[in-house]
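Positions are given from 1, in the same order as the sequence printed here. Whatever order the structure lists ligands and atoms in, that order sets their numbers, starting from 1. All values below were derived from every heavy atom in this structure, side-chain atoms included, with hydrogens, water molecules and symmetry-related copies excluded.
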Amino acid sequence: MRKRLSKNERAPKRQGQGCRDPHFPGRPFILLNLAMSADGKITTASRGGESFSSPRDREHMLELRATVDAVMSGATTINAAAVTLGPGPAKYRRLRLKRGLEEYNLRVIVSGSGRIAPEAEIFRHRFSPLVILTTNKAGPGRIAALRKVADEVIICGRTRIGFLRAMQKLCRDWGVRRLLCEGGGELDDALFREDLVDELHLTVCPLILGGRDAPTIADGEGAKDLAAATRLQVASAQRFGDEMFFVFRRAAGSKRRKKLGTSD
Ligand SMILES: NC(=O)c1ccc[n+]([C@@H]2O[C@H](COP(=O)([O-])OP(=O)(O)OC[C@H]3O[C@@H](n4cnc5c(N)ncnc54)[C@H](OP(=O)(O)O)[C@@H]3O)[C@@H](O)[C@H]2O)c1
């Protein structure tokens, strides 16, 4: 089972051993994977956890999980559905081992307020460590309660998580070189605003969900103006049945980080 790295095993703070982005050394390569309706929604306004994509899309999710050290999701997603963020059936675990990864990926939950239901499905599956990213806003009581259900609780900010620092810590302390974020929209938006998304895997599904309160793939504060928009390039587009599978990469020379303040 994956373990927190000892001091001797950790990469030196500034060197960023194994981390792929030359601009932000010491952090993992970050992929996002989401399915959205043809009108750009990732779920309905009630934010239930029901899936609307095909079995092929679920396979795609497991294939991507089989390439990463850690899988991460926001608190609303964890509270909404029976997600475990695990590698799935044995064939994917074998693939992981063949690629030199741990059999089971690290799992990361994001909650600035620390309001994660202790009865959530994810806590019933102890096949790999669980790390919670939170802030001081959670308060000592909730942080103590989270420490009982998680392998590590990392406080990364006063009220909002600073994801660059959080990712650097995951890289240094847990050896995370590639991380897959599976939403939802609010968490994705925070990553986009910190310019941390290297690759976006987006499945467009043939249905309309509608609803002004239904979340999109990037749903928090968003870009303040067009100059602050995240620029992407299409790396691939494939059709399977009635679904389109897109891969976008961050456009070269993105300078957004300089324009944007990060979180506290
Ligand atoms: N179609 C898809 O592929 C897909 C994928 C994922 C999720 N979903 C669906 O999307 C819905 C959830 O999406 P969502 O946008 O409502 O929520 P979300 O992103 O899953 O979680 C939002 C929560 O994450 C925490 N968070 C995010 N950014 C933060 C930051 N910068 N600092 C501190 N905390 C931060 C906050 O937790 P606290 O409030 O505790 O502070 C926030 O309330 C669910 O219905 C889920 O089933 C669909």
Side-chain angles (χ1 to χ4, degrees), residues 30-54 56-58 60-62 64-65 71-85 107-118 120-122 131-139 142-143 145-146 150 153-167 180-197 200-209 211 213-222 243-246 260-264:
I30 298 177
L31 307 94
L32 287 193
N33 181 38
L34 290 127
M36 72 174 198
S37 60
D39 58 331
K41 305 295 186 182
I42 59 166
T43 186
T44 56
S46 66
R47 286 170 207 246
E50 320 79 34
S51 166
F52 52 79
S53 65
S54 66
R56 174 69 196 104
D57 183 54
R58 182 171 163 75
H60 178 56
M61 176 190 82
L62 292 171
L64 279 178
R65 285 185 187 177
V71 180
M72 175 169 87
S73 263
T76 310
T77 300
I78 296 296
N79 289 335
V83 290
T84 67
L85 305 185
R107 296 168 296 158
V108 182
I109 306 173
V110 175
S111 171
S113 72
R115 276 195 206 99
I116 307 167
E121 184 71 18
I122 196 161
V131 172
I132 296 177
L133 307 182
T134 190
T135 66
N136 287 319
K137 192 171 80 175
R142 249 184 244 145
I143 290 172
L146 292 178
V153 177
I154 306 178
I155 300 167
C156 5
R158 271 184 294 133
T159 57
R160 274 201 298 176
I161 290 166
F163 281 100
L164 176 57
R165 247 191 310 146
M167 293 300 113
L180 172 65
C181 175
E182 296 186 351
E186 195 175 330
L187 171 57
D188 297 344
D189 179 68
L191 295 175
F192 278 123
R193 280 186 299 111
E194 284 201 47
D195 203 15
L196 290 171
V197 178
L200 167 64
H201 291 249
L202 190 59
T203 306
V204 180
C205 304
L207 81 167
I208 302 290
L209 290 172
D213 296 327
T216 70
I217 67 163
D219 218 37
E221 291 168 32
E243 289 177 339
M244 286 299 299
F245 290 71
F246 289 98
L260 295 169
T262 53
S263 39
D264 54 334

Polar contact flag for Asp219 and ligand 1 (N/O pairs, less than 3.5 Å)
no
For Thr43, the ligand 1 atoms with a heavy-atom partner under 4.0 Å come out as 9 (C), 10 (O), 11 (C), 45 (O)
Any donor-acceptor N/O pair, Ser37 side chain to Lys41 backbone, under 3.5 Å:
yes
Using a 4.0 Å cutoff against the non-hydrogen atoms of Gly49, which atoms of ligand 1 qualify?
47 (O)
Expected output: side-chain Thr43 to main-chain Gly48 donor-acceptor under 3.5 Å:
yes
Has the side chain of Asn79 got a donor or acceptor atom that lies under 3.5 Å from a matching backbone atom of Ala117?
yes
At under 4.0 Å between heavy atoms, what of Met36 touches ligand 1? The answer is neither
Contact atoms of ligand 1, heavy-atom distance to Arg47 under 4.0 Å
14 (P), 15 (O), 16 (O), 44 (C), 45 (O)
With respect to Arg107, which candidate in Val131, Ile122, Ile78, Val83 satisfies the side chain to side chain contact (heavy atoms under 4.5 Å, CB included) definition?
Ile122
Where the closest heavy atom to atom 20 (O) of ligand 1 is concerned, which of Leu32, Thr135, Thr77 has it?
Thr77
Of all the atoms in ligand 1, which lie at a distance below 4.0 Å from a heavy atom belonging to Gly185?
13 (O), 14 (P), 15 (O), 19 (O)
Name the one of Leu146, Leu133, Ile109 that satisfies side chain to side chain contact (heavy atoms under 4.5 Å, CB included) with Val153?
Leu146
Hey, what do you get for OG (Ser111) to CZ (Arg142), rounding to the nearest 0.5 Å?
8.0 Å
I want to know if ligand 1 touches Pro215 in the polar sense, i.e. an N/O pair below 3.5 angstrom.
no
So the atoms of ligand 1 within less than 4.0 Å of a heavy atom of Ala190 turn out to be 31 (N)
Among Gly112, Gly157, Ala35, the residue with a heavy atom nearest to atom 34 (N) of ligand 1 is Gly112
Counting from 1 in the order shown, the ligand 1 atoms closer than 4.0 Å to a non-hydrogen atom of Leu187 are 19 (O), 27 (C), 28 (N)
Using a 4.0 Å cut-off to any heavy atom of Phe163, which atoms of ligand 1 qualify?
30 (C), 31 (N)
Scan side-chain atoms only and decide if Ser54 and Asp57 contain a donor-acceptor pair under the 3.5 Å cut-off.
no
For ligand 1, find out whether one of its N or O atoms is nearer than 3.5 Å to an N or O atom of Ser113.
yes
A student checking ligand 1 against Gly48 at a 4.0 Å heavy-atom cut-off should list atoms 45 (O), 47 (O)
I'd like to know if the side chain of Thr135 reaches the main chain of Gly112, judged simply by a donor and an acceptor atom lying under 3.5 Å from each other, with no hydrogens or angles considered.
yes
Exactly one candidate in Leu31, Asp188, Leu187, Leu85 meets side chain to side chain contact (heavy atoms under 4.5 Å, CB included) with Glu182; the answer is Leu85
